[in-house]
Amino acid sequence: MIALRPIHFVLLAALIAFGASLAAPFHFDDFSIFSDPVLTSPTGWLDLWEPLRTRPLTQLTFWLNYQLGGRNPLGYHAVNLCLHLLAVWFLYGVLARLIPEKAALIAVALFALHPIQAEPVAYVFARATLLATLFCLLSWRAWLDRRFWRAAGWFALALLAKEECVTFPLFLLFFHRAYAPVAVMLGCSLAAGLRVLAALAGSPDGGAGAGAGITPLDYFSTQGLVIFRYLRLLALPHGFTVDPGVVVVSDWRSWLAWAGLAAIAIYAWRKSPHGWWFAAGLILLAPSSSVLPAADLAADRRMYLPLLAFSAFAGLLLSWFPRKVLLSIASVLLLLSVARMFVWSSGQRLWSEAVERAPGKLRPRIQLARASDPETALRILEAAKSLAPGDPRPASEKGMRYLELGRSDLALPEFGSALALAPNDPQALNNRGAALLALGQREAAVEDFRRALRVNPCLADALANLERLGLDSSEGCRARGGR
């Protein structure tokens with residue numbers, strides 16, 4: 001009979017905290033899995049390794065999920081939950097070798113139960129973060145065993161899962177100064193970074209790099225305040241939202257925030273024997289929260305890997321607290337995570353919360369409309385049009401809801417309004433084509449589908465619409481290696 005240890009109770013608590021994710025639907029970018037023909041093709045696993053496809057290891061897991069369970073969200077969420085539990089187990093194995101047992105258990109409990117972890121666990125598309133962290137933990141364990149080249153191999157797999165772990169080799173230097181393996185690992189990081197930049201150059205609407213719509217300087221200046229937001233959520237876990245209303249800040253406040261972070265890191269390093277853990281957390285956070293722009297200025301899932309270090313720092317500081325106090329803190333975190341998972345288990349709850357906490361932001365309203373019935377969605381989108389009259393998305397979404405209601409005559413002018421604001425938007429062209437087809441105007445519809453494919457030869461919806469009409473226009477996509 002296996003003797004139960006404290007880590008087993010931590011794992012059970014994590015399962016209770018995030019187990020409701022198994023009943024959650026898909027959210028946001030999760031649906032892009034099914035619009036990628038590579039991920040839904042029986043032979044797609046081979047195409048995942050093309051030079052300019054990023055995160056192939058993560059996408060391989062999506063491909064496997066689709067082959068085994070199709071569009072059923074249960075299997076996708078089960079993988080994410082298992083990855084989190086494995087990360088908890090391996091983190092305990094590592095920290096138990098580096099810090100006192102009590103501090104290690106506190107740190108692992110924070111990592112396992114904190115509600116900031118709800119997003120990477122419940123958001124299927126955040127699996128890249130979970131996988132990269134898991135492989136980094138395996139690399140860390142090998143590094144502590146002085147198997148430096150094995151550690152480099154695990155790190156290479158982490159990069160294939162997600163590139164945001166590029167600074168992890170610098171983190172390893174805190175434990176052993178093996179410079180040759182670190183140099184090789186940093187070379188792999190550089191190659192991974194260049195690969196991402198090349199991929200972004202070929203996909204200007206990818207939401208990162210030049211496609212983020214923000215300069216590196218503005219992104220960097222804003223991230224100081226964003227990092228303080230992350231730290232505040234760790235210390236006071238309240239105010240979570242999937243789409244925070246963070247705006248670009250490039251005045252004195254941003255530089256004061258960066259100066260404050262530097263001062264805290266230096267003070268912790270000098271005044272506490274454990275302060276270097278805080279600095280290590282900032283190093284792990286740097287790739288996603290420094291100079292490479294992303295359309296999302298803040299995202300809770302970016303704290304998953306850095307929490308390896310931040311939780312160790314917190315565990316060492318809290319280890320002086322009485323056992324009853326620590327159990328009370330763990331119980332509160334557990335209850336908060338259960339409540340957070342209740343929000344994530346419904347698209348309407350998730351995006352209603354986001355609208356409430358960022359009322360001036362358009363995207364939460366669009367997502368709330370998608371999670372609502374058509375009649376309710378139309379009211380939400382009308383308000384969204386008033387909020388952003390120059391943005392084509394509310395009109396396009398209204399058109400889609402009218403199509404769902406069988407009102408193609410009302411959908412067509414909405415798609416026309418969207419195209420007036422964005423004449424070369426391939427999705428808007430495809431949508432208008434769908435409305436024209438529903439109204440019996442086949443030739444005009446085909447022309448819109450073909451125009452959409454001239455802009456984006458691999459637009460899945462336009463390709464599918466032409467295929468349903470017995471027409472083939474996939475040559476351009478095949479030329480790009482998409483199909």
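Numbers for residues simply follow the sequence, beginning at 1.
Looking at heavy atoms from C-beta onward, Thr61 lies out of side-chain contact with Leu83 at the 4.5 angstrom threshold. When side chains are defined from C-beta on, Leu437 counts as touching Leu469, because their heavy atoms get closer than 4.5 Å. Between Arg432 and Arg451, the closest side-chain pair of non-hydrogen atoms falls below 4.5 Å. Proximity of Arg302 to Tyr230: side-chain heavy atoms (C-beta onward) are separated by under 4.5 Å at one or more points. Looking only at side-chain heavy atoms (C-beta outward), Leu130 and Val79 stay at 4.5 Å or farther from each other. Using a 4.5 Å heavy-atom threshold, the side chains of Trp154 and Trp140 count as separate. Within the 4.5 Å cutoff, the side chain of Asp243 has heavy atoms near those of the Trp351 side chain. Contact of the Val338 side chain with the Met341 side chain is not registered, since no non-hydrogen atoms from C-beta on lie closer than 4.5 Å.
Taking OG from Ser288 and CG from Asp296, the interatomic distance works out to 11.5 Å, rounded to the nearest 0.5 Å. Rounded to the nearest 0.5 angstrom, Leu307 CG and Leu234 CG are separated by 6.0 Å. One finds the OG1 atom of Thr241 at 9.0 Å from the CD atom of Glu119 (value rounded to the nearest 0.5 Å). Distance check: Leu335 CG to Arg340 CZ gives 15.0 Å after rounding to the nearest 0.5 Å. If you take CE on Met303 and CG on Leu231, they are separated by 5.5 Å, rounding to the nearest 0.5 Å. Atom OG1 of Thr54 is separated from atom NZ of Lys162 by 10.5 Å, given to the nearest 0.5 angstrom.
Nearest heavy-atom pair, Ala462 versus Ala452, reported as atom, atom and distance to 0.1 Å: CB-CB, 4.3 Å. Closest heavy-atom contact between Ala152 and Met185: CB-CG, 3.7 Å. Taking each heavy atom of Pro394 and Leu381 in turn, the nearest pair found is CB-O, 4.0 Å. The shortest heavy-atom contact between Trp344 and Ala24 is O-CB, 3.7 Å. Taking all atoms of both residues into account, the shortest heavy-atom contact from Leu336 to Pro115 is CB-CG, 3.9 Å. Contact record, Leu305 with Leu284: O-CD1, 3.7 Å, taken as the closest heavy-atom pair.
Partner of His84 under the ring-ring contact (aromatic ring centres under 6.0 Å, His included) criterion, out of Phe90, Tyr304, Tyr123: Tyr304 alone. The only member of Asn465, Asn430, Leu429 that meets side-chain contact (heavy atoms from CB on, under 4.5 Å) when paired with Asp448 is Leu429.
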- Message: Assess the residue pair Phe278 and Phe310 against the criterion (ring pair (Phe, Tyr, Trp, His ring centres under 6.0 Å)); give the C-alpha distance rounded to whole Å, side-chain angles, the decisive distance to 0.1 Å, and a yes or no.
- Response: CA-CA 6 Å; Phe278 182 84; Phe310 287 132; 5.5 Å; yes

- Evaluate the criterion salt bridge (charged side-chain N to carboxylate O under 4.0 Å, His left out) for residue pair Glu414 and Arg407; output intermediate values, then yes/no. CA-CA 11 Å; Glu414 295 293 344; Arg407 297 300 307 272; over 6 Å; no

- Message: Does Trp63 form a side chain to side chain contact (heavy atoms under 4.5 Å, CB included) with Tyr66? I'd like the steps, not just the answer.
- Response: CA-CA 5 Å; Trp63 178 86; Tyr66 185 82; 5.8 Å; no

- Using the side chain to side chain contact (heavy atoms under 4.5 Å, CB included) rule, take Val124 and Asn65 through it: C-alpha gap first, then chi angles, then the decisive distance, then the call. CA-CA 11 Å; Val124 172; Asn65 264 136; 6.0 Å; no

- Is there a side chain to side chain contact (heavy atoms under 4.5 Å, CB included) between Leu405 and Glu375 once you walk through the steps? CA-CA 9 Å; Leu405 292 170; Glu375 293 288 357; 4.0 Å; yes

- With side chain to side chain contact (heavy atoms under 4.5 Å, CB included) as the test, would you mind laying out the steps for Leu471 and Arg450 before giving the verdict? CA-CA 10 Å; Leu471 302 172; Arg450 294 191 186 280; 3.8 Å; yes

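Geometrically, Arg127 does not engage Tyr76 in a cation-pi contact, judged by NZ or CZ lying under 6.0 Å from the ring centre and within 45° of the ring axis.
Counting only distance, with no hydrogens or angles, the side chain of Ser311 and the backbone of Val108 share no donor-acceptor pair below 3.5 Å. Side-chain N or O atoms of Asp30 include one that pairs as donor or acceptor with a backbone N or O of His27 at under 3.5 Å. Formation of a donor-acceptor pair under 3.5 Å by the Gln59 side chain with backbone atoms of Trp49 is not found in this model. A donor-acceptor pair under 3.5 Å links the side-chain atoms of Arg357 to the main chain of Phe240, judged by distance alone. His77 contributes no side-chain N or O that, together with a main-chain N or O of Gly19, makes up a donor-acceptor pair within less than 3.5 Å. Side-chain atoms of Ser408 do not come within 3.5 Å of backbone N or O of Ala435 as any donor-acceptor pair. Listed for the Arg232 side chain is a donor-acceptor partner under 3.5 Å among the backbone atoms of His238. In this structure a side-chain-to-backbone donor-acceptor pair under 3.5 Å is missing from Thr167 to Leu170. In this structure, the side chain of Ser346 does not engage the main chain of Val343 through any donor-acceptor pair within 3.5 Å. Side-chain atoms of Ser189 come within 3.5 Å of backbone N or O of Val166 as a donor-acceptor pair.
Taking the charged nitrogens against the carboxylate oxygens, Lys385 and Glu397 have no contact shorter than 4.0 Å, which rules out a salt bridge. Ion pairing between Arg401 and Glu404 holds under the 4.0 Å rule for side-chain N and carboxylate O.
Of the N and O atoms on the side chains of Ser32 and Asp29, not one donor lies less than 3.5 Å from an acceptor on the other residue. Side-chain atoms of Asn431 and Ser396 form a donor-acceptor pair, as typed in the model, at a separation below 3.5 Å.
Classified by interplanar angle (parallel below 30°, tilted 30° to 60°, perpendicular above 60°), the ring pair Phe34/Phe26 is perpendicular.
Counting heavy atoms of neighbouring residues, nucleotides and ligands inside a 6.0 Å radius, atom CZ of Phe31 exceeds 12 of them. Counting heavy-atom neighbours within 6.0 Å of Trp258 CH2, excluding the residue itself, gives a total above 12.
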